[in-house]
Amino acid sequence: MTIPVTIRLQSADFDAAAEARLLTQGRADIGAVVSFTGICRGGAGADAIAAMTLEHYPGMAEAEIARHAEEALARWPLMGLTIIHRYGRLVPGDNIVLVVTASAHRTAAFEAAEFLMDYLKTQAPFWKREERAGGPSWVAAHADDDAAAARWTPGKTSSSS
Amino acid sequence: MTIPVTIRLQSADFDAAAEARLLTQGRADIGAVVSFTGICRGGAGADAIAAMTLEHYPGMAEAEIARHAEEALARWPLMGLTIIHRYGRLVPGDNIVLVVTASAHRTAAFEAAEFLMDYLKTQAPFWKREERAGGPSWVAAHADDDAAAARWTPGKTSSSS
Amino acid sequence: MKILYFAWVRERVGKAEEVVEPPSSVATIGELMSWLAGRGEEYAYAFENARVIRAAIDQTHVRPDTPIAGAREVAFFPPMTGG
Amino acid sequence: MKILYFAWVRERVGKAEEVVEPPSSVATIGELMSWLAGRGEEYAYAFENARVIRAAIDQTHVRPDTPIAGAREVAFFPPMTGG
């Protein structure tokens, strides 16, 4: 059976509900659907941002996401997978990223979605530039994101990263 | 700040997308939304089911779910939480349960959603009765669901349950 | 004391609820199950494997050794299969 | 050899891409970064903390000790912050 996999990079917004519906409609073998939506936060006070620009490396971004989608399909018994990552200028409240996983049982759906999000945060070539009152700045990578991603590597614990 | 919490037990279907939208609309502090939808599976061959009836203990079901919602709010920095559990007769493909968690960051949203699903599976007073060609039968509890729920109890590992 | 039955416990007992007056020697949930099991064939069938049956007092999960004194509503049911 | 720059590496270098011909003594990604850093003030600024800069050869993540022989496209960028 072919597992439906959708990967899209786009500047346009996405409809998380419609994407989840596409994975499940007309099927009776899916028991669990997990949907993760990442949203542009506005911050507060001096940290408030007016907008964010997501830069990406065209070609490599698609390849990296596809590679991790393949890995997720190999590790968990998924019945459907959708990954959408936006690029360009976003304002607070805008959607950034969507991961939808479908499986017979909830554990596979949850784990695969977390795995993909951890890898998107640390391996997919995207960079966030925030516009604040004090001027624009590039978002720094977070050590805890690296630790989160490391937990999926056999023989590697988060404390070693 | 009051955290929006919605808990509903109903025979009617739910709209996962509309529920998620209710949690996030008009806000710019939410960075992560995790939505879990549990769906009635149809099974295959001799295991195929025509329908499923979800019996519940009115009053206690609401109380148990509310108690676990409180616990999730105490353990994770959530900014919104919606739990909907259906009862009554469902056919394959029908929605059963919805958990939506909103937070600033993905880890809290993912963990709280998994915690709530693990507890709904093992502690909320619902019972599934499946209709098969060979007659109706009550779904047996799964040891791995108990193990999944036990991982959230401090000092208790899944192997001890 | 009001007793509720759910799922296959309800089907075996043949009713969803009833009011009973156990003797004062029946002090715990486990003893209440034993006492109910002696009330007839359908009860004996429902409680034949009492170890798998879960109980709640006034809508809170309890264990077999929990005292029933003061309970208004006691429920018996199989392990939960929601979610 | 085509070189791409992203995010603040791109801003510091002042261009998104260029074609360069490093001498044959430049064998690895790390050596390429050192060689680029010597091409001018903007490059020195971009690569002043080379340890934090990530690299890809032909759209695959590589380490500083990876040889650049045969590379068509080399990219330099800060740690990724997608998702």
Side-chain angles (χ1 to χ4, degrees), chain A residues 9 36-41 52-68 83-88 90 95-99 113-130 135-149 161, chain D residues 1-20 28-30 32-33 36-37 41-83:
Chain A
L9 272 66
F36 175 89
T37 306
I39 300 169
C40 179
R41 289 191 301 141
M52 167 190 285
T53 302
L54 264 155
E55 180 170 332
H56 76 297
Y57 182 170
M60 181 170 170
E62 288 88 339
E64 270 293 313
I65 293 175
R67 198 164 65 80
H68 288 114
I83 304 172
I84 301 176
H85 203 306
R86 295 180 69 187
Y87 55 79
L90 305 175
N95 290 324
I96 299 174
V97 62
L98 175 71
V99 169
E114 287 185 80
F115 165 85
L116 286 165
M117 279 310 307
D118 286 344
Y119 271 95
L120 287 173
K121 286 267 175 188
T122 56
Q123 297 291 311
F126 288 84
W127 300 274
K128 292 186 181 124
R129 182 174 175 272
E130 294 175 339
S137 64
W138 293 93
V139 173
H142 293 291
D144 56 351
D145 283 330
D146 290 334
S161 71
Chain D
M1 179 184 296
K2 187 177 175 185
I3 312 276
L4 304 182
Y5 307 105
F6 292 97
W8 56 254
V9 180
R10 172 181 54 72
E11 287 184 338
R12 291 183 179 193
V13 169
K15 60 184 86 170
E17 59 177 273
E18 63 182 321
V19 174
V20 300
T28 67
I29 285 291
L32 179 57
M33 283 199 274
L36 286 167
E41 210 171 73
E42 67 277 28
Y43 291 93
Y45 179 41
F47 290 98
E48 69 181 357
N49 192 358
R51 283 185 318 145
V52 307
I53 296 180
R54 310 292 181 94
I57 292 179
D58 296 333
Q59 307 192 349
T60 299
H61 292 294
V62 295
R63 297 161 53 95
D65 58 2
T66 304
I68 58 171
R72 292 181 306 276
E73 181 176 297
V74 177
F76 293 105
F77 41 78
M80 288 71 77
T81 54

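Just so we're on the same page: letters track the sequence lines, and every chain starts at 1. As a basis for the values below, the full set of heavy atoms in this structure was taken, side chains included, without hydrogen atoms, waters or symmetry mates. From a predicted model like this one, the values you see are computed outputs, not experimental measurements.
- The shortest side-chain heavy-atom distance between D:Met80 and A:Lys121 does not fall under the 4.5 Å cut-off.
- The candidate from A:Glu64, A:Met117, A:Arg86 with the greatest count of non-hydrogen atom pairs under 4.5 Å with chain D is A:Glu64.
- In terms of modelled atom types and a separation under 3.5 Å, the side chain of A:Trp127 and the main chain of D:Pro78 share a donor-acceptor contact.
- Between the side chain of D:Thr81 and the backbone N or O of A:Lys128, at least one donor-acceptor pair lies under 3.5 Å.
- For the atom pair NE2 of D:His61 and OG1 of A:Thr122, the computed distance is 8.0 Å after rounding to the nearest 0.5 Å.
- Considering all non-hydrogen atoms of both residues, A:Pro58 and D:Phe6 come closest at CD-CE2, 4.4 Å.
- Smallest separation of non-hydrogen atoms from D:Ala56 and A:Met60: CB-SD, 3.6 Å.
- Heavy-atom pairs under 4.5 Å with chain A peak, among D:Glu73, D:Arg54, D:Glu11, at D:Glu11.
- For A:His142, no part sits under 4.5 Å from any heavy atom of chain D, backbone or side chain.
- Heavy atoms of A:Ala140 lying under 4.5 Å from chain D belong exclusively to its backbone.
- Between the side chain of A:His85 and the main chain of D:Gly82, no donor-acceptor pair closer than 3.5 Å is present.
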